[in-house]
Amino acid sequence: MASDGAGTSRDEDVLALTGADLVTVLLFDRMAGRAHRLWSSRPDLFAATGGKPLSGAGWEFTLQHRSPALITRGESAIRAGFPDHGSILGHGIGLIVNLPLIGAEGCVGSVNCLYRDAGFMTDFDLMIPAVSDWVWRTLHPDQA
């Protein structure tokens, strides 16, 4: 991804904002029943494009029906909440924080912050405005 002009890439910006080891951005297409990946800070681990089915259960349902960050901590919680838990756990992830992207029609997607350290603590809800702004600037660089 291109530099923001201040000497850091936007990839580095979001990792610094969140403290995460890996960040992905998904947009939900409820009509098609899919989540489309728009971006990944580590495309070598999680593809920067493509998608996956929206199962309507677990993390997706919870995130779509509430607006604060959804925090999933520990192997058993990740196994219970994510159909793709094998891939997630295979990369040593111990904590997932899904930050909702809110549009006029409710939750339209998520910024997914993945941490190897299951004990990482911060006020994740306070990240939402800054990360939402980062998503806007990343998707609309000509308007940033």
Go through the structure and list residues passing side-chain contact (heavy atoms from CB on, under 4.5 Å) with [X], not counting sequence neighbours.
| X | result |
| --- | --- |
| R79 | E75, H85, L89 |
| A48 | S40, P43 |
| D29 | M31, A32, H36 |

Any side-chain heavy-atom pair from T24 and R42 closer than 4.5 angstrom?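 T24 does not reach R42 side chain to side chain.
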Legend entry - Any V97 side-chain heavy atom under 4.5 Å of L95 side chain: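 They are in contact (side-chain heavy atoms under 4.5 Å apart), so the answer is yes.
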Might you work through the side-chain contact (heavy atoms from CB on, under 4.5 Å) test for S110 and L101, ending with a clear yes or no?
CA-CA 5 Å; S110 65; L101 294 174; 5.6 Å; no
Q: Starting from the C-alpha separation in whole Å, work towards a yes-or-no answer on side-chain contact (heavy atoms from CB on, under 4.5 Å) for V111 and V135.
A: CA-CA 8 Å; V111 176; V135 169; 3.4 Å; yes
Calculate, to the nearest 0.5 Å, the distance between atoms [atom1] and [atom2] belonging to [X] and [Y] respectively.
| X | Y | atom1 | atom2 | value |
| --- | --- | --- | --- | --- |
| L70 | I96 | CG | CD1 | 9.0 Å |
| Y115 | I71 | OH | CD1 | 9.0 Å |
| I128 | L99 | CD1 | CG | 5.5 Å |
| I93 | I88 | CD1 | CD1 | 8.0 Å |

Can you check whether G51's main-chain N or O pairs, donor with acceptor, with R37's side chain at less than 3.5 Å?
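No; zero donor-acceptor contacts below 3.5 Å.
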* Could you give me the CA-CA distance, side-chain angles and deciding distance for F124 and L126, then say whether side-chain contact (heavy atoms from CB on, under 4.5 Å) is met? => CA-CA 5 Å; F124 295 107; L126 291 179; over 6 Å; no
Output side-chain donor-acceptor pairs under 3.5 Å for residues 16-23, partner residues at least two apart or in another chain, one line each.
residue : atom : partner : partner atom : Å
T18     : OG1  : V14     : O            : 2.9
T18     : OG1  : A20     : N            : 3.1
D21     : OD2  : R116    : N            : 2.7

Practice item. Only counting residues at least two apart or in another chain, list the ones meeting salt bridge (Lys or Arg N to Asp or Glu O under 4.0 Å) with R73. Key: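 With neighbours one apart ignored, the set is empty.
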### Task
Please list, chain by chain and in numerical order, all residues satisfying ring pair (Phe, Tyr, Trp, His ring centres under 6.0 Å) with H91, sequence neighbours excluded.
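Scan of H91 (ring pair (Phe, Tyr, Trp, His ring centres under 6.0 Å), adjacent residues dropped) gives F46.
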Under the side-chain contact (heavy atoms from CB on, under 4.5 Å) rule, what do R30 and C107 come out as? Steps first, then yes or no, please. CA-CA 11 Å; R30 288 188 188 87; C107 183; 4.1 Å; yes
